[in-house]
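Heads up: the structure comes next, in structure tokens.
So you know, we letter chains A, B, ... as the sequences are listed, proteins then strands, and number each from 1.
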2 protein chains.
Amino acid sequence: MSAAPELLFRTLADPTRRAIFERLCREGEQTVGALTARSGVSQPAVSKHLGALKQAGLVRDRHEGRQTHYSAQPGALNPLIDWTSQMAGFWQNRLDALDDLLKRMDQ
Amino acid sequence: MSAAPELLFRTLADPTRRAIFERLCREGEQTVGALTARSGVSQPAVSKHLGALKQAGLVRDRHEGRQTHYSAQPGALNPLIDWTSQMAGFWQNRLDALDDLLKRMDQ
DNA sequence: CATACCCATAACCCTGTGGTTATGAATTAT
DNA sequence: ATAATTCATAACCACAGGGTTATGGGTATG
């Protein structure tokens with residue numbers, strides 16, 4: 001059981017943080033200032049969220065002069081996709097098993 | 001922008017709660033007692049988690065005598081899948097746009 | 001009827017964390 | 001050199017929420 005989904009779920013659970021990640025996905029690379037402008041929270045708050053996103057592998061940062069550009073790293077979402085399809089898969093398996101059982105009872 | 005992922009992310013962010021949901025997905029319907037037995041937390045804690053999962057639409061409950069059976073409702077994961085693929089999609093679109101740009105510059 | 005069992009709710013505690021302001025380091029501009 | 005800017009970090013506060021114990025309602029059992 002991979003521990004990866006843990007960090008991803010926790011990181012994406014916060015609305016402000018998820019909004020930042022969404023913006024980076026939609027609009028591409030952004031500076032901290034640009035992100036702060038429409039985030040509704042202070043710049044230090046944004047920096048902390050970006051730190052969390054970075055630690056989860058969801059964003060990359062690139063320093064250019066005195067500003068830092070952040071960009072989404074959507075490959076990091078893969079463990080999330082894996083986990084979700086795994087859960088759906090377990091369910092499907094049990095459904096198939098039930099189906100088999102019914103068929104065997106039927107004959 | 002659907003508000004559905006919000007509740008899902010928040011609900012699945014807690015490890016104990018997610019573990020309960022995973023068990024229900026893997027092993028099918030379970031009573032509260034059975035879930036409590038291997039959860040590492042008290043029965044009221046499990047009940048609260050089940051309440052949260054239920055409110056998020058992730059589980060169903062079925063009363064039978066004095067015990068309550070819970071089962072996973074994996075269809076509730078769909079908004080999560082939608083959100084994830086949407087994020088990946090935005091990224092892909094911007095990648096395609098860049099690709100187009102490079103091609104046009106190339107000719 | 002009395003007792004034991006299963007679960008949900010209430011009341012409470014305590015930690016984690018998202019928010020703030022204050023400040024500093026690094027870079028650019030005057 | 002001085003001032004202004006961009007961002008990160010530190011220190012602190014307040015609250016959400018996950019944990020506990022205590023309790024009660026409903027159901028099976030003796």
A:Tyr70 side chain N/O closer than 4.0 Å to the phosphate oxygens (OP1, OP2) of D:dA8?
yes
Report each atom pair, protein N/O against N/O of nucleotides 14-18 of chain C, whose distance is under 3.5 angstrom.
unit_1 : atom_1 : unit_2  : atom_2 : d
C:dG18 : OP2    : A:Arg17 : NH1    : 3.1

According to salt bridge (charged side-chain N to carboxylate O under 4.0 Å, His left out), who are the partners of B:Arg66, at least two apart in sequence or on a separate chain?
none
Between A:Glu64 and A:Gln67: side-chain donor-acceptor atoms closer than 3.5 Å:
no
Whole angstrom is fine here: how far is it from NE2 in A:His63 over to C1' in D:dT6?
12 Å
Given C:dA8, C:dT21, D:dT20, identify the nucleotide with an atom nearest to the side chain of B:Ala45.
D:dT20
Under the salt bridge (charged side-chain N to carboxylate O under 4.0 Å, His left out) test, residues paired with B:Asp61 that sit two or more places apart:
B:Lys54
Got a salt bridge between A:Glu22 and A:Arg17, using NZ or NE/NH1/NH2 to carboxylate O under 4.0 Å?
no
Return the polar atom pairs (N/O with N/O) between nucleotides 24-30 of chain C and the protein under 3.5 Å, or none.
unit_1 : atom_1 : unit_2  : atom_2 : d
C:dT27 : O2     : A:Arg66 : NH1    : 3.1

Test your reading of the model: is there a side-chain donor-acceptor pair from B:Ser47 to the backbone of B:Pro44, 3.5 Å cut-off?
no
Same cluster for A:Val41 and A:Tyr70 if Ile/Leu/Val/Met/Phe/Trp/Tyr side chains link at under 4.5 Å?
yes
B:Gln55 atom CD, over 12 foreign heavy atoms within 6.0 Å:
no
Kindly point out which of C:dC7, C:dT20, D:dC7 is positioned nearest to the side chain of B:Thr68?
C:dC7
Gap between atoms CD and C1', on B:Gln67 and C:dC7 respectively (whole Å)
10 Å
State which residues pass salt bridge (charged side-chain N to carboxylate O under 4.0 Å, His left out) with A:Arg60; sequence neighbours excluded, sorted by chain then number.
none
Are A:Arg23 and A:Gln30 side-chain neighbours, meaning at least one heavy-atom pair lies under 4.5 Å?
yes
Whole angstroms only, please: what is the CD-P distance between A:Gln43 and C:dG19?
13 Å
Whole angstrom is fine here: how far is it from CG in A:Leu50 over to C1' in D:dA8?
11 Å
So if I take the C1' atoms of five pairs at each end of the helix from C:dC1-D:dG30 to C:dT30-D:dA1 and get each local axis, what angle do the two axes make, rounded to 10 degrees?
10°
Figure out the CZ/C1' separation between B:Phe9 and D:dA16, and round it to whole Å.
20 Å
Rounded to the Å, how far apart are B:Gln55 CD and C:dT9 P?
11 Å
Going by heavy atoms in the side chains, are B:Thr16 and B:Val46 under 4.5 Å from each other?
no
